[in-house]
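The next block holds one structure in the form of structure tokens; read it before the comments.
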Amino acid sequence: MTQSKGTHSEKHTIASFMVDGSRQLTPTLLFNLLQEAAVNHANELGVGWDFLHQFNQFWALSRMDVEILKMPEWLDEVIITTWPKKNNYLVQPRDYLMETMDGEVLVRSTSNWVLLDGDGKPHQLSAYENNLGTVEGLHALETPASRLRTGVPCEKPVFKPVVYSNIDMNCHANNSAYVTWVMDSFDHDFHMTHKLAFLAINYLQQTHASDRYAVVKQETAPNDFLCSIYSEKDMVEVCRVRTVWK
């Protein structure tokens, strides 16, 4: 894409630790790269982690859709571009494109972010309106991030502990940890014969180091799976994910 005012772009080389057995970027690392671009842009705009931490606030991802046209491979060089869109007081939409150096679009994504305090209470965005930035009329995906209205019943769950490597700088399970848990619920042979084409994720509640989680999934159409992640504490659904494979 042509660089536009209000966008943020960064170049990445796909390293060996980012890829799977087919030498393609893993969904978890794709998610990390997109999230990190958003974090870097928020810092540029003056509403990043250090600034918000003064007020006991932080950005939390609430929804995200990712459409994968072609997953980059080991040693590929890519450009990630991200930009904020018009907010609606509590929700800040943000889009992303991942492209080759020649401008071929590999990944398109849109997301919703909310501003939370340490108690998980959402805050209006009006206090930071002058810093949030908005790019008008530019969309990676035309439709807003999906609301997944129903989950999968939690029958015969197998709970696992939230581990050290899942925890982020806010002492919650990192956004990408949920992607890892869902990806790991599909076995290796499935990943070798299927490629992720679309992922929609809705975060419903935060997960902490002391929690245990279970992933339950249901194939709702050929190669189209709905997944729910439950916390053993009160058996509450903490995340809902749809994956479409090719």
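What you see below is based on every heavy atom in this structure, not just the backbone, and it leaves out hydrogens, waters and symmetry mates.
One hydrophobic cluster, built from ILVMFWY side chains closer than 4.5 Å, holds both Val236 and Ile229. Cluster annotation: Phe31 and Phe17 are assigned to the same hydrophobic cluster (Ile/Leu/Val/Met/Phe/Trp/Tyr, side-chain heavy-atom contacts under 4.5 Å, transitive). If you chain together hydrophobic residues whose side chains sit under 4.5 Å apart, Leu141 and Tyr96 never meet in one group. A continuous path of hydrophobic side-chain contacts links Val19 to Leu75 [ILVMFWY only; heavy atoms under 4.5 Å]. No single ILVMFWY cluster, assembled from side-chain heavy atoms under 4.5 Å apart, contains both Val152 and Tyr213.
Using modelled atom types and a 3.5 Å distance limit, the side chains of Tyr128 and Gln92 yield no donor-acceptor pair.
A distance of 11.0 Å separates CG in Asn223 from CG in Leu196, rounded to the nearest 0.5 Å. Rounding to the nearest 0.5 Å places OG of Ser9 at 9.0 Å from NE2 of His41. With rounding to the nearest 0.5 angstrom, the CD atom of Gln206 is 12.5 Å from the SG atom of Cys239. Taking CG of Asp76 as the reference point, atom CE of Met101 lies at 11.0 Å (rounded to 0.5 Å). Considering CD1 of Ile201 and OG of Ser111, their distance stands at 11.5 Å, rounded to 0.5 Å. To the nearest 0.5 Å, atom CD of residue Glu10 and atom CG of residue Asn40 are 4.5 Å apart.
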Practice task
Could you walk me through whether Glu77 and Lys11 pass the salt bridge (charged side-chain N to carboxylate O under 4.0 Å, His left out) test, one step at a time?
Solution key: CA-CA 7 Å; Glu77 294 184 329; Lys11 178 182 173 182; 3.6 Å; yes

Exercise for the section: Please step through side-chain contact (heavy atoms from CB on, under 4.5 Å) for the pair Asn112 and Tyr203, ending with a clear verdict. Expected result: CA-CA 10 Å; Asn112 287 350; Tyr203 297 93; over 6 Å; no

Problem - Check against side-chain contact (heavy atoms from CB on, under 4.5 Å), Cys154 and Met235 - result: CA-CA 8 Å; Cys154 192; Met235 293 297 290; 3.5 Å; yes

Exercise for the section: I would like to know whether Leu30 and Met71 meet side-chain contact (heavy atoms from CB on, under 4.5 Å); could you show each step before the answer? Expected result: CA-CA 9 Å; Leu30 168 62; Met71 196 69 95; 4.1 Å; yes

Practice task
Report the C-alpha separation of Arg240 and Leu226 in whole Å, then their side-chain angles, then the decisive distance to 0.1 Å, and conclude whether the side-chain contact (heavy atoms from CB on, under 4.5 Å) test is met.
Solution key: CA-CA 8 Å; Arg240 196 171 288 164; Leu226 183 63; 4.3 Å; yes

Problem - Chi angles and distances behind the side-chain hydrogen bond (donor to acceptor under 3.5 Å, both in side chains) call for Thr180, Thr28 - result: CA-CA 6 Å; Thr180 298; Thr28 297; 2.8 Å; yes

Problem - Pair Thr81-Trp83, side-chain hydrogen bond (donor to acceptor under 3.5 Å, both in side chains): steps then yes or no - result: CA-CA 7 Å; Thr81 303; Trp83 61 95; over 6 Å; no

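Among all heavy-atom pairs drawn from Lys217 and Cys227, the shortest one is CB-SG, 3.5 Å. When every heavy atom of Arg108 is checked against every heavy atom of Leu97, the shortest pair comes out as CG-CD2, 3.5 Å. The heavy-atom pair separating Glu237 from Gly151 by the smallest distance is OE2-CA, 3.7 Å. When all heavy atoms of Leu90 and Val114 are compared, the pair lying nearest together is O-CG1, 3.4 Å. Between Leu132 and Pro84 the shortest heavy-atom distance is O-CG, 3.3 Å. Nearest approach of Val105 to Leu69, heavy atoms of both residues: O-CD1, 3.6 Å.
Phe159 CZ: more than 12 foreign heavy atoms inside a 6.0 Å radius. The local environment of NZ in Lys195 is crowded, with over 12 non-hydrogen atoms from other residues, nucleotides or ligands closer than 6.0 Å. Residue His208 qualifies as enclosed at atom NE2: its count of foreign heavy atoms under 6.0 Å is above 12. No more than 12 heavy-atom neighbours from other residues, nucleotides or ligands sit within 6.0 angstrom of CH2 on Trp74. Around the CZ atom of Arg212, the shell of radius 6.0 Å holds more than 12 heavy atoms that belong to other residues, nucleotides or ligands.
Between Ile80 and Val107 there is no side-chain heavy-atom pair separated by less than 4.5 Å. Proximity of His172 to Phe58: side-chain heavy atoms (C-beta onward) are separated by under 4.5 Å at one or more points. The closest side-chain heavy-atom distance from Phe186 to His194 is not below 4.5 Å. Side-chain contact check for His191 versus Asp20: every heavy-atom pair is 4.5 Å or farther apart. Taking the side chain as every heavy atom from C-beta outward, Thr26 and Met183 never approach each other to under 4.5 Å. Proximity of Tyr178 to Thr207: side-chain heavy atoms (C-beta onward) are separated by under 4.5 Å at one or more points. Side chains of Met64 and Leu34 form a contact here, defined as non-hydrogen atoms less than 4.5 Å apart. Residues Leu25 and Met98 are in side-chain contact: their nearest non-hydrogen atoms beyond the backbone lie under 4.5 Å apart.
When atom types are taken as modelled, the side chain of Asn202 and the backbone of Leu148 share a donor-acceptor pair closer than 3.5 angstrom. In terms of modelled atom types and a separation under 3.5 Å, the side chain of Asp65 and the main chain of Ser146 share a donor-acceptor contact. At least one donor-acceptor pair closer than 3.5 Å links the side chain of Gln54 to the backbone N or O of Phe51. Checked by atom type and distance alone, the side chain of Asn174 pairs as donor or acceptor with a backbone atom of Ser176 at under 3.5 Å. A distance-only check finds no donor-acceptor pair linking the side chain of Asn56 to the backbone of Asp117 [under 3.5 Å]. Asn166 places no side-chain N or O within 3.5 Å of a backbone atom of Ala177 that could act as its donor or acceptor partner. A donor-acceptor contact shorter than 3.5 Å links the side chain of Thr82 to the backbone of Asp95.
Aromatic ring pairs are classed by plane angle as parallel below 30°, tilted from 30° to 60° and perpendicular above 60°; the pair Phe225 and Phe190 is perpendicular.
Residue Thr110 is tested with Glu67, His139, Lys85 for a side chain to side chain contact (heavy atoms under 4.5 Å, CB included); the sole match is Lys85.
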